[in-house]
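Here the structure comes first, spelled out in structure tokens, and everything after it is commentary.
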2 protein chains.
Amino acid sequence: MKDWIWTRERKAAPARETLSRDQIVAAAMAILDTEGVSGLSMRKLGTKLGSGATSLYWYVDTKDDLVDLLIDEVWGEIDVPEPELAGWRAGALLFGHSLRSAVLRHPWLPEVMYTRPSIGPNAMSMGSRGLVLFGAAGFSEHEIDLAMGSVMSYVLGTVSAEVATREMVRKSGRSEENWVTDILEQAQAVAGDYPEMQKSVRRRTSMDLDSGLTENFVFGLDALLDGLQARVKK
Amino acid sequence: MKDWIWTRERKAAPARETLSRDQIVAAAMAILDTEGVSGLSMRKLGTKLGSGATSLYWYVDTKDDLVDLLIDEVWGEIDVPEPELAGWRAGALLFGHSLRSAVLRHPWLPEVMYTRPSIGPNAMSMGSRGLVLFGAAGFSEHEIDLAMGSVMSYVLGTVSAEVATREMVRKSGRSEENWVTDILEQAQAVAGDYPEMQKSVRRRTSMDLDSGLTENFVFGLDALLDGLQARVKK
DNA sequence: CTAGTCACTCGCACACTGTACGACGATCTC
DNA sequence: GAGATCGTCGTACAGTGTGCGAGTGACTAG
């Protein structure tokens, strides 16, 4: 069995002034958040911490392991309300928004999230609290899994696409109020043969980026929750 | 404005026997489908085509451009029914399943899809036909965009997670009937502190992988479509 | 105090990546 | 024939993750 990083304990005594896994994770997170996945290299991370690149390998077996830690760090930021506070429906809404904003704070996540299982402690804690929340809705045991899974998939899928949009607008350097970027111009050009698409692109770009994306997110989440609610104790 | 690969036409006359963009795309697709993103390098692709690695750069500006082409190739496989055939609801269901199975055929897609806009001709064509389909439901113009977007996000988000699951089961080399893998064992270990999660993992792994994932997918898609239907002409 | 052992750091090296550049050949147009 | 254009490719460069082994400091045992 693979020696997963979650259960491999830290190597005992501190001794002299030294690096630490927490320190490494924090520095790597800062790099990822500002420069993205392609900006994170072991050498750069090393110099940022004032150490050699290969020193990091004392705390982390591979770069992938480090990324696993970073992903779980994000899951630790998610807020899952207890159902007693406002009921499952409002709780699920809050959960969705919390998940969304965490990903928006860490826009590198979609790029790496889908290539590995999320089985760190924070992921487990989040999942556990999520199950309690959806359990309060009155689903059968089996449906609890399905309902929570579909909400998470919807949220992550939507926000992943959202991140891609935001990133491309950001890179284009145009204003966010009128975000007709190079990409959209290109899309318009290619969409020339498809009038429905042409119109849709125009509709989207005519509105404020932020509120448009938020509305988009809420619309689908509400619809999904409606559909789930109708399935309770059928 | 960036010189997007979609509108840059092929370089005119064939002359002697030569490589072609189609050939390159096909070979790259084969590599991606069998070996994944990390298996695709320009050198390997070159030798597979019996040519030098840098020859490819005549047809494609960068590797990223090539990936853009490959992604759009996948969008070209998606089947979007016309609403006249079976109504929008059944059509949307079919669309969702078609999208899902295309991603399952090309499991490398989630890894690259969220880092770039999808604005190739096939993406536009798919989008256009999708808008027609959802337009037939009776939504307002604005809601058409929202409804189609939420369905696509749900499907892609769900299937992306699904791919991650399948991939990890595949790599573990265990049987698919009883897919308690190293990963799940690890998850169980970490989930020890979270009984709800513990039980959920056991529930999931106790059933057949394929039908479990399909049920999961259909459950959420149905719920989402229910919720959308309720929003028609409010 | 010395000797040994562990915790940790890090320079070097290896195999690999994408791709810029410029030389080269083959084919087409005059 | 002479040029121009299309297409190929060897070489080279800067960068990647990381295995290895030597080195350093701090602790513990005698």
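Numbered from 1 within each chain, the chains take letters A, B, ... in sequence-line order. Since the structure is predicted, the reported quantities are computational estimates derived from the model, not experimental observations.
- Here Asp33(A) pairs with nothing under the salt bridge (Lys or Arg N to Asp or Glu O under 4.0 Å) rule; sequence neighbours left out.
- Taking atom OH on Tyr59(B) and atom C1' on dT19(C), their separation rounds to 17 Å, with Å as the unit.
- The interatomic distance linking Leu19(A) (CG) with dG25(D) (C1') rounds to 15 Å, in whole Å.
- Side chains of Tyr59(A) and Thr18(A): a donor-acceptor N/O pair is present below 3.5 angstrom, by distance only.
- Here Tyr57(B) does not reach the OP1 or OP2 of dC9(D): none of its side-chain N or O atoms lies under 4.0 Å away.
- Applying the salt bridge (Lys or Arg N to Asp or Glu O under 4.0 Å) test to residues at least two apart or on different chains, the pairs with a partner in residues 101-124 of chain B are Asp64(B)-Arg116(B), Asp68(B)-Arg116(B), Glu77(B)-Arg105(B).
- Distance Lys63(B) NZ to dC16(C) P: 15 Å, rounded to the nearest Å.
- Take Glu167(B) and apply the side-chain hydrogen bond (donor to acceptor under 3.5 Å, both in side chains) test, not counting sequence neighbours, and it matches Arg170(B).
- Whole-Å rounding puts the Asp64(A) CG to dT18(D) P distance at 7 Å.
- Residues meeting the side-chain hydrogen bond (donor to acceptor under 3.5 Å, both in side chains) test with Ser125(B), sequence neighbours left out: Arg129(B).
- Shown here are the side-chain hydrogen bond (donor to acceptor under 3.5 Å, both in side chains) partners of Thr34(B), two or more places apart in sequence or in another chain: there are none.
- Nucleotide dT8(D) holds its P atom 9 Å from the CG atom of Leu56(B), rounded to whole Å.
- In the model, Arg100(B) has a side-chain atom that pairs as donor or acceptor with a side-chain atom of Thr214(B) under 3.5 Å.
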Would you list the protein and nucleotides 3-5 of chain D atom pairs, both N or O, that sit under 3.5 Å from each other?
none

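- Side-chain to base pairing of Thr54(A) with dG11(C): one donor and one acceptor N or O lie within less than 3.5 Å of each other.
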I'd like a table of donor-acceptor pairs (distance under 3.5 Å, sequence neighbours excluded) in which one partner is a side-chain atom from residues 35-43 of chain A, with atom names and distances.
| unit_1 | atom_1 | unit_2 | atom_2 | d |
| --- | --- | --- | --- | --- |
| Glu35(A) | OE1 | Lys44(A) | NZ | 2.8 |
| Ser41(A) | OG | Lys44(A) | N | 3.1 |

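- For Trp58(A) and dT9(C), the shortest distance from a side-chain N or O to OP1 or OP2 is not below 4.0 Å.
- Pairs passing the salt bridge (Lys or Arg N to Asp or Glu O under 4.0 Å) check and including a residue from residues 196-207 of chain B, sequence neighbours excluded, read Glu141(A)-Lys199(B), Glu141(A)-Arg203(B), Asp145(A)-Arg203(B).
- In terms of phosphate contacts, Ser55(A) brings a side-chain nitrogen or oxygen within less than 4.0 Å of OP1 or OP2 of dC10(C).
- Remark: Leu40(A), Ser41(A), Met42(A), Arg43(A) in residues 27-46 of chain A come within less than 4.0 Å of DNA chain D through at least one heavy atom.
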